Amino acid sequence: MDAEVKMKNGDEGKSALSRRDFFGAAGAATLTAGAVALSNTADAVTAKSKIQYGMLIDTRRCSGCQACSVACKAEFDVPLGATRSWVEYVEKGTYPDVSRNFLPRLCNHCSEPLCVSVCPTGATYKRKEDGIVVTDSDVCIGCKYCLQACPYDARFINHKTGSADKCDFCLHRVSQGVVPACVNTCEGRARIFGDINDPNSEISRLIASNPVTVLRKGQGTKPNVYYIAADHADETDATNGQYINVTTHREQAERR
Amino acid sequence: MTEGLNWGLPVIWYLFLAGMGAGALTASASLFLRGGSVARGMHVEIARYGAFIAPIPVMVGSLLLIFELGSFEAGHWFRWINLYLVINLSPMSIGTWLLTFFIGLSVVYAYTFIHNAPGITNEQRYSLRIFLSWVIIPFGIGVAVYTGVLLGAMPSRPFWNSPILAMLFVVSSLSTGIAAVLLARALFPGKQSNDEAAEQYHQSGYIFAASDVMLIGFELLILFLFLMFAHLTVGDVKQAVSVVLPGGSLASMFFIWVVLVGLLVPALIELYYVVPKLLYHKAFAIPRGIEIIVPAAILTGGFMLRYVVVIAGQITGPVGI
Ligand code: SF4
Ligand code: SF4
């Protein structure tokens with residue numbers, strides 16, 4: 001298949017991405033083959049994109065080293081106290097029957113993103129060309145409605161820009177044909193990035209051949225980040241004196 | 001208690017002030033129209049209080065909202081104008097437009113109550129006043145409704161995600177609006193030139209007090225239904241609502257300030273003064289002290305309702321991961 005790749009020179013803008021840039025530089029994938037159609041039509045939330053980027057996280061290969069969290073911080077100069085990407089530790093049980101599992105977290109780039117449907121300015125939208133959910137920091141007024149609406153607490157206000165901010169799947173890297181920083185840095189190769197709509201991509205094959213889950217499925221946002229062997233235990237699940245402790249490693253000490 | 005929350009005191013004050021202003025105008029415009037379709041209907045004096053006090057809290061509340069915007073804090077003073085460059089189905093977008101029209105209309109409406117206002121003949125002023133009374137009522141209800149819809153639109157916030165929340169806010173808005181009008185009237189009574197005016201004063205006051213008892217009754221019922229249905233479910237909603245039920249972190253605040261001070265006590269006092277006229281057609285006379293204390297309690301309760309609801313919605317979330 002022919003991948004139509006249009007790159008824009010000097011498209012180095014990191015978090016200050018504008019919508020014009022997005023439509024100018026077709027987010028074309030060289031990772032996975034697939035024709036990229038440029039479209040300028042009004043973005044409907046549920047409109048199915050040709051490419052839907054997603055991530056598969058194999059938690060069996062994650063050692064909780066936080067290299068991804070650090071890479072993300074460095075890549076975007078994320079302000080102190082804020083997190084685009086973080087790794088939670090889930091401890092449970094009583095000695096000797098104990099476990100500690102790791103749950104890497106990021107924006108799920110949902111197919112039914114509630115953050116998009118509540119945004120009053122249209123600053124947050126789902127890109128038609130690759131399904132990445134982005135926030136235009138030049139348009140966003142920082143009303144925090146999307147922070148309330150996201151069931152994954154994936155968003156924060158970047159106090160430097162005054163805009164809502166979150167993981168954007170490293171759009172500036174992906175549009176140049178390289179994988180996101182967290183995927184690149186992962187020492188256990190726990191993270192697989194690719195086009196979920198292409199049945200032949202590595203990520204699609206792994207999703208098809210493994211038992212996978214998504215987080216908070218009941219919220220109905222249709223996440224595009226999948227997990228293998230995720231520990232879904234939460235402190236609120238602890239009954240009968242069972243010990244469950246979640247360390248979020250972020251300013252919000254508790255999951256919301 | 002609001003530290004670290006995305007929406008803090010400015011939003012809480014806004015929800016309270018906008019609801020109160022919208023309620024005050026809706027209630028007083030309705031009462032004005034009930035006085036007969038003449039510009040000097042029998043309830044024009046109380047309607048004047050409503051018209052004068054309504055626009056200010058709504059405008060102050062909206063201003064507070066701007067101060068809490070992340071863009072404003074980061075120094076982009078006018079980024080909020082982006083709200084006016086689009087209209088979409090976000091409750092905040094629809095609410096912004098509603099609020100803007102409401103503020104504009106309410107300012108013009110107040111103008112029609114100024115004696116011999118310049119730039120307009122009294123005839124024109126009277127007919128405009130009647131016309132705007134009809135127009136402003138749906139807008140007032142709209143503003144009151146949308147504050148509840150805004151919070152209710154998100155499954156990720158189970159405490160808010162209930163259709164009855166908007167209804168609760170509407171009834172509370174009307175009740176606090178009436179309280180605001182009665183309080184303003186008690187604090188700044190003006191001159192009653194003759195007995196007829198004094199009687200009219202009490203007649204208008206009676207209708208408002210009687211309506212308020214009914215509204216508070218509805219509010220208590222809605223609160224009960226809200227809590228009961230939430231408690232009867234399992235999972236997210238039950239967990240969320242447990243913060244205001246006995247044993248929860250917001251329970252004492254909720255039951256003492258919202259239910260007792262804001263609803264039960266004022267309703268009982270109002271009932272005590274309303275019943276003799278309602279049942280035995282005695283004269284309605286309410287001491288000035290009571291006329292001040294009761295609305296003050298209702299307003300406190302209305303604020304605390306927003307306070308508890310806004311915090312409860314943010315300290316709870318979906319259960320499990
Ligand atoms: S995870 Fe949250 S921020 Fe990301 S797309 Fe889904 S709803 Fe939006
Ligand atoms: S904070 Fe920005 S992106 Fe989020 S809903 Fe408000 S305007 Fe939209």
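Below, all heavy atoms of this structure are taken into account, side chains as well, without hydrogens, waters or symmetry copies. If you're wondering where the values come from, they're calculated on a predicted model, not measured in any experiment. Residue numbering restarts at 1 for every chain, and letters A, B, ... go by the order of the sequence lines.
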Toward chain A, the part of [X] with a non-hydrogen atom under 4.5 Å:
| X | result |
| --- | --- |
| B:Trp7 | both |
| B:Asn88 | side chain |
| B:Leu150 | both |
| B:Leu83 | both |

Around atom [atom1] of [X], are there more than 12 heavy atoms from other residues, nucleotides or ligands closer than 6.0 Å?
| X | atom1 | value |
| --- | --- | --- |
| A:Tyr243 | OH | yes |
| B:Tyr84 | OH | yes |
| B:Met304 | CE | yes |
| B:Phe255 | CZ | yes |
| B:Leu89 | CG | no |
| B:Phe218 | CZ | no |
| A:Leu80 | CG | no |

Atom pair [atom1] ([X]) and [atom2] ([Y]), whose distance is rounded to the nearest 0.5 Å:
| X | Y | atom1 | atom2 | value |
| --- | --- | --- | --- | --- |
| B:Leu5 | A:Leu147 | CG | CG | 12.0 Å |
| B:Ser71 | A:Ile157 | OG | CD1 | 8.5 Å |
| B:His76 | A:Ser163 | NE2 | OG | 8.5 Å |
| B:Asn82 | A:Thr121 | CG | OG1 | 6.5 Å |

Exercise for the section: Residue by residue, scan residues 8-27 of chain B and write down, ordered by number, those that have a heavy-atom distance under 4.5 Å to chain A; if none do, write 'none'. Expected result: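 Within residues 8-27 of chain B, near chain A: nothing under 4.5 Å.
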Go through [options] and name the one with the most non-hydrogen pairs under 4.5 angstrom from chain A.
| options | value |
| --- | --- |
| B:Pro155, B:Gly95, B:Ser90 | B:Ser90 |
| B:Glu73, B:Glu68, B:Arg157 | B:Arg157 |
| B:Leu69, B:Ile66, B:Val319 | B:Leu69 |

Could you look at [X] and say if it's the side chain, the backbone, both or neither that has a heavy atom under 4.5 Å from chain B?
| X | result |
| --- | --- |
| A:Ala233 | backbone |
| A:Cys143 | both |
| A:Arg155 | neither |

Fill in the blank from the handout: Expected contact set for residues 248-256 of chain A against chain B at heavy-atom separation under 4.5 Å reads A:Arg255, A:Arg256
Handout entry: chain B-proximal positions within residues 211-221 of chain A [heavy-atom distance under 4.5 Å]
Key =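 Contacts with chain B: A:Leu215, A:Arg216, A:Gln219.
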Problem - Under 3.5 Å donor-acceptor, B:Asn6 side chain and A:Lys144 backbone - result: no
Practice task
Report yes or no: does B:Ser156 contribute a side-chain atom to a donor-acceptor pair with the main-chain N or O of A:Gln148 at less than 3.5 Å?
Solution key: yes
Completion exercise
Closest non-hydrogen atoms of A:Tyr145 and B:Val149, given as atom of the first, atom of the second and distance, are OH-O, 4.3 Å
Problem - Distance-minimising heavy-atom pair for B:Ser93 and A:Pro120 - result: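 The pair with the smallest heavy-atom distance is N-CB, 3.7 Å.
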Practice task
Identify, with sequence neighbours excluded, every residue that meets side chain to side chain donor-acceptor pair (under 3.5 Å) alongside A:Thr59.
Solution key: none
